[in-house]
Amino acid sequence: MLDKRKFYINGAWVDPIVANDLEVLNPATEKPVAVISMGTAADIDRAVAAAKKAFVTYSQTSVEERLALLEKLLAVYKRRYDEMVDTITMELGAPKTMTREQQADVGVGHLQGFIDALKRLKSRDRLPNGDVILREPIGVCGLITPWNWPINQIALKVVPALATGSTCVLKPSEFTPLNAMLYAEMIDEAGFPAGVFNLVNGDGINAGAALSKHRDIDMMSFTGSTRAGIAVSKDAAETVKRVTLELGGKSPNIVFADADLEDRVTGSVLECFNNSGQSCDAPTRMLVERSVYDQVVEIAKRVGREAKVGDPTQEGSHIGPLVSHVQFGRVQALIEAGIAEGARLLVGGAGKPEGFETGYFVKPTIFVDVNNDMRIAREEVFGPVLAIIPFDTEEEAIAVANDTNYGLAAYVQTGDPKRAERVAARLRAGMVHINGGPHRYGSPFGGYKQSGNGREGGIFGLEDFLEVKTVHVPDAA
Ligand code: NDP
């Protein structure tokens, strides 16, 4: 078992102030793979003090200096890529092939996206009225990240902080702390100055809340549940910090009769199941035009039945377990709620798949004849569970799509480009994917309504970490 009890503070690996061990489990075997420490407010104080001190000089570095550090980090990340793949597979249970192609790849893609954006960023500008505008680093940033796309969230927060000249303290999820610790090693190897990046492990209630409440933290960037995002916002309010939030989703996927049904329904079901359904932007509500409903249900049934769960250490396109026993329980409860509320179970259901009694594996599950008021249509399941809902008109589809507290992503499948544009304009979501259009590095990621505030990635992601200063110069003579 790996001993990972230390925190990374002020450029060194240090012991926690008070020992408090936690075992990290492999979700596929339920066996411990590492022991970490759970930090307290005192550890957070220490890390924040280091970040505050480092900000004095790091905030004065030039864009060229920071670009050189980021390029080095990129080179280290690429060299140690396989370690990242193995780590995420071990602690999250994401299958090896998927981890290599997606989970670990985002660490390269986002970093490159931010490097490109930093080269384009105008940190000094002049308004038509003559005033000078400076964009300056916001200060010391508290970063709290979840377990579902762990290095994705870390890169989307740590990199813009470091790119813009801010310093930071990261508290990753204690379910997946090991990739974060590996990233800390990479940052160290890249040569960032001591105190610029700090890492303290711990839980949300203690270490997380200590960050949000800390008077020397200028900004909180959080990704996770809407519940925890609200807690972070309330904790941060007393000290009037900037808070950016990337929260949950219940993303609609409108399938019109004129779409390439075979291709788009197959792709949509697989996307819903990807990462065992543990993605905030997963297309979990499929709204289907009634004239092709039976045809779509048949395609979904076939794809759902063919979807396999499997050992994450094996190569292949199967899905792995959920991250934890708690998540397993939540997903089971929602599958049971779907049955109790009268949705028709097409594929899967409650319980573990045959042959997977050990590990937090669940059956890929599809419900049809779902009504948008049911819990499986309103709540984020965060498991491989798809809800299919029929509709009759474009107007109705838009209304049902927008009838949610969330507004992260939306998906439209249609053979009519004019309709795609028209519908996309009316969907209350931060991102609209048309006919499988993928998310691209450098584009903003984030949501409307209770899916959060702010945008991550590329130039928009940098701007969230910048303050704006107006310099009023005297009138020209
Ligand atoms: P949480 O939102 O509780 O956890 C995400 C991160 O926030 C963790 O680091 C967590 O620490 C921390 N956290 C929790 N409470 C607080 C707090 N009061 N102050 C500061 N930090 C806090 O998600 P869960 O792991 O409990 O998952 C529950 C549900 O949340 C999922 O089923 C899914 O629906 C949604 N979710 C959405 C994500 C997204 O990408 N938008 C990511 C993860 C979950 P700790 O682990 O100790 O609680």
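Both counts, for ligands and for their atoms, begin at 1 and track the order of listing. Start at 1 with the first residue, then count along the sequence.
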So, Glu30 side chain and Gly359 main chain: donor-acceptor pair closer than 3.5 Å or not? yes
Taking side chain to side chain donor-acceptor pair (under 3.5 Å) as the criterion, tell me which of Thr97, Asn274, Asn152 meets it with Gln102. Asn274
For the side chain of Gln413 and the backbone of Val265, is there at least one donor-acceptor N/O pair under 3.5 Å apart? no
Within the 4.0 Å heavy-atom cut-off around ligand 1, the contacting residues, ordered by chain and number, are Ile144, Thr145, Pro146, Trp147, Asn148, Lys171, Ser173, Glu174, Asp203, Gly204, Gly208, Ala209, Phe222, Thr223, Gly224, Ser225, Arg227, Ala228, Ala231, Val232, Glu246, Leu247, Gly248, Cys280, Gln327, Arg330, Glu380, Phe382
Can you tell me if Asp3 uses its side chain to pair, donor with acceptor, with the backbone of Arg5 under 3.5 Å? yes
Answer yes when Lys157 and Glu456 have at least one side-chain N-carboxylate O distance shorter than 4.0 Å, and no when they do not. yes
Do the side chains of Glu185 and Lys4 get close enough for a salt bridge, i.e. N-O under 4.0 angstrom? yes
